[in-house]
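Take a look at the structure set out below.
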There are 2 protein chains.
Amino acid sequence: MKRTSLAGDSCPVARALDVFGDWWSLLIIRDASLGRRRFGEFQASLGLAKNILATRLRTLVERGILKTVPASDGSAYQEYVLTPKGHGIFPILVALRQWTEEFDEHPDEIATIMVDRDRGKPVKKLALLSQDGRVLGAADTTLKLRPVRKVAKRASA
Amino acid sequence: MKRTSLAGDSCPVARALDVFGDWWSLLIIRDASLGRRRFGEFQASLGLAKNILATRLRTLVERGILKTVPASDGSAYQEYVLTPKGHGIFPILVALRQWTEEFDEHPDEIATIMVDRDRGKPVKKLALLSQDGRVLGAADTTLKLRPVRKVAKRASA
DNA sequence: TTGTGTGGTTGCAATATTAAACCGTATGCC
DNA sequence: GGCATACGGTTTAATATTGCAACCACACAA
C-alpha cells in the first residue's frame, strides 16, 4: 500500500511530481525562494508539524533541491538554501500563481502580485513560444516520441 | 488530523495546490489534456485504485476543473472533459515537463518531447516577460502587496 | 436471459499526516 | 560558571488517507 512511486515513469510531468509533488514540498520551495532559510522560519510560515517539515527538508536535500549551509549569522545552526535545480522550479511557482490569479473564485483574497523588480510593474503571463516566435496554446502543441540515442533502460511508454 | 486545507490561504501558490496539489490530480489533468475522457482510460493509464480515481474525479468536477458530458460514442456512459479552468492548467504542465527536461538525472528515460504542431519543432522554454518585454528570472521579480479595493474578507498575510 | 464490460462502492489493511510531548545542544544573561 | 531559554529536531499516539481486492449495479450484446 506504499504510495506508488512515479520515479521510473517515462512522463516528465510524473517525474517532476515524484520529486516535489506532495502537499508541502512546493510550499517549502516557495518559502525558500522568498529567502527563508531556517527550520524555524519554515515552520512558523507554513504551520506544519515539525516532524513533517524535518522529513520534507531531508528528502528535498537528498533530491538536490535544497542544500544545507552553515548559518549566515555565525551561529552553529545550519540553513537550507535552494540549489540551481531548486531555483529551476521558479517557473512552476509562477505558473501556479498565474493560474490562481486567472481562475480563482475569490481573487480578492490573494495577497500579493508579482512585479518586475526594476519597474515595479506586474509581470506578463508566462508565454510558450515556438522556435519561430509564435505564441502557442495547448492546442498548438503535440507530443512526439523522443528519438532514442543509445539504449533506453527502463522507460516503458 | 485532517490534512490541512490551504483554501483560505492568501498565497496564490497555496490556493492552486489546494485545488489540484495532490499526487494524482495533476496526472489526471495531464491525461485529460491528452484527450483521455473515460473512467477506464484514466484507470488503465494511471494504474491507480478505482476508488481513488472516483473521488479524484468527483472533486475535480466539484472544483470546476473537469465536467461530465454524455459519452461521445452514443453509449449511456459519461465522460470527463476539461473546463476552461482546467485547460488553464496547461502552462503548469509545461513548466513541470520543462523542469524535468532540464534537471532530471536520467533524461534518457523521458519518452516524449513537446513540439509545435505546425512545424514539428520542439517548443521553447516558457518565458516570463516584463511589460516592456524584458525576459525576467526569479531574481528580477519581487512580490508586492496587492492594493485592496473594497473589503478583504478572510485574507491574513 | 444469460453473459460481459464499464463504472463505480465497500471493507479492510497499510501508510502518511498531525499534534503534542520530549530532548539534546546552543546561546543569552547574570 | 550556572541557569534559563531558544533552536532544531525525534518520538509517540491518534486520526486520516491510500491502496487493494472483492463486490455490485447497470448497460449492452448474444
Atom-pair distance (CG on Leu48(A); C1' on dA16(C)), nearest Å
13 Å

Step through the shown structure and confirm whether more than 12 heavy atoms of other residues, nucleotides or ligands are within 6.0 Å of CD on Glu105(B).
no

Output the rounded distance in Å from CD (Gln78(B)) to P (dT6(C)).
15 Å

Position toward the 5' end of DNA chain C (nearest nucleotide), Thr55(A) or Thr55(B)
Thr55(B)

Ile52(B) CD1 to dT10(C) P, straight-line distance once rounded to whole Å:
15 Å

Examine dG7(C): is either OP1 or OP2 under 4.0 Å from a nitrogen or oxygen in the side chain of Tyr80(B)? Give yes or no.
no

Testing dG19(D), dG8(C), dT18(C) for proximity to the side chain of Ala54(B), the answer is dG8(C)

Could you tell me how far apart Asp22(A) (CG) and dT18(D) (P) are, to the nearest whole angstrom?
12 Å

Over how many whole Å does the gap from Arg56(A) atom CZ to dT10(D) atom P extend?
14 Å

Can a side chain N or O of Thr4(B) be found less than 4.0 Å away from OP1 or OP2 on dT18(C)?
yes

I'd like to know if Leu27(B) and Ile29(B) are part of one continuous hydrophobic network [Ile/Leu/Val/Met/Phe/Trp/Tyr, side-chain heavy atoms within less than 4.5 Å].
yes

Can you check the Glu79(B) CD to dG7(C) P distance for me, whole Å?
9 Å

Quick one: is dT17(D) close enough that its OP1 or OP2 comes under 4.0 Å of any side-chain N or O from Trp24(B)?
no

Centre-to-centre under 6.0 Å for Trp99(B) and Phe20(A), is that the case here?
yes

Listed nucleotide nearest any side-chain atom of Tyr77(A), set dT18(D), dG8(D), dT17(C):
dG8(D)

How is Gln43(B) classified with respect to the nucleic acid when contacts are heavy atoms under 4.0 Å: base, sugar-phosphate, or nothing?
nothing

The nucleotide from dG7(C), dG9(D), dT18(C) with an atom nearest the side chain of Lys50(B) is dG7(C)

Looking at residues 25-40 of chain B, who's got a heavy atom less than 4.0 Å off DNA chain D?
none

Could you give the side-chain donor-acceptor pairs of residues 30-37 of chain B under 3.5 Å, partners two or more places apart or in another chain?
{"residue": "Asp31(B)", "atom": "OD2", "partner": "Arg36(B)", "partner atom": "NE", "Å": "3.0"}
{"residue": "Asp31(B)", "atom": "OD2", "partner": "Ser45(B)", "partner atom": "OG", "Å": "2.5"}
{"residue": "Ser33(B)", "atom": "OG", "partner": "Arg30(B)", "partner atom": "O", "Å": "2.8"}
{"residue": "Arg37(B)", "atom": "NH1", "partner": "Glu79(B)", "partner atom": "OE1", "Å": "2.3"}

For the pair made of CH2 in Trp23(B) and C1' in dT15(C), what is the distance, rounded to whole Å?
14 Å

Regarding Ala76(B), tell me which of base, sugar-phosphate or nothing describes its non-hydrogen contacts under 4.0 Å with the strands shown.
sugar-phosphate

Assuming nearest nucleotide by heavy-atom distance, tell me which of Asn51(B) and Glu41(B) is located more 5' along DNA chain C.
Glu41(B)

Ignoring hydrogens and angles, write down the donor-acceptor pairs under 3.5 Å from the side chains of residues 120-129 of chain A, residues two or more places apart or on other chains.
{"residue": "Lys125(A)", "atom": "NZ", "partner": "Glu102(A)", "partner atom": "OE1", "Å": "2.6"}

Output the rounded distance in Å from CG (Leu53(A)) to P (dT10(D)).
10 Å

Given the rule that I, L, V, M, F, W and Y join up when any side-chain heavy atoms are under 4.5 Å apart, are Leu46(B) and Phe39(B) in one cluster?
yes

Salt-bridge present (Asp22(B), Arg56(B); N to O < 4.0 Å)
yes

Taking only side-chain nitrogens and oxygens of Arg58(B), does any of them come within less than 4.0 Å of OP1 or OP2 of dG8(C)?
no

If only side-chain N and O atoms count, and only distance matters, is there a donor-acceptor pair under 3.5 Å linking Thr112(A) with Arg97(A)?
yes

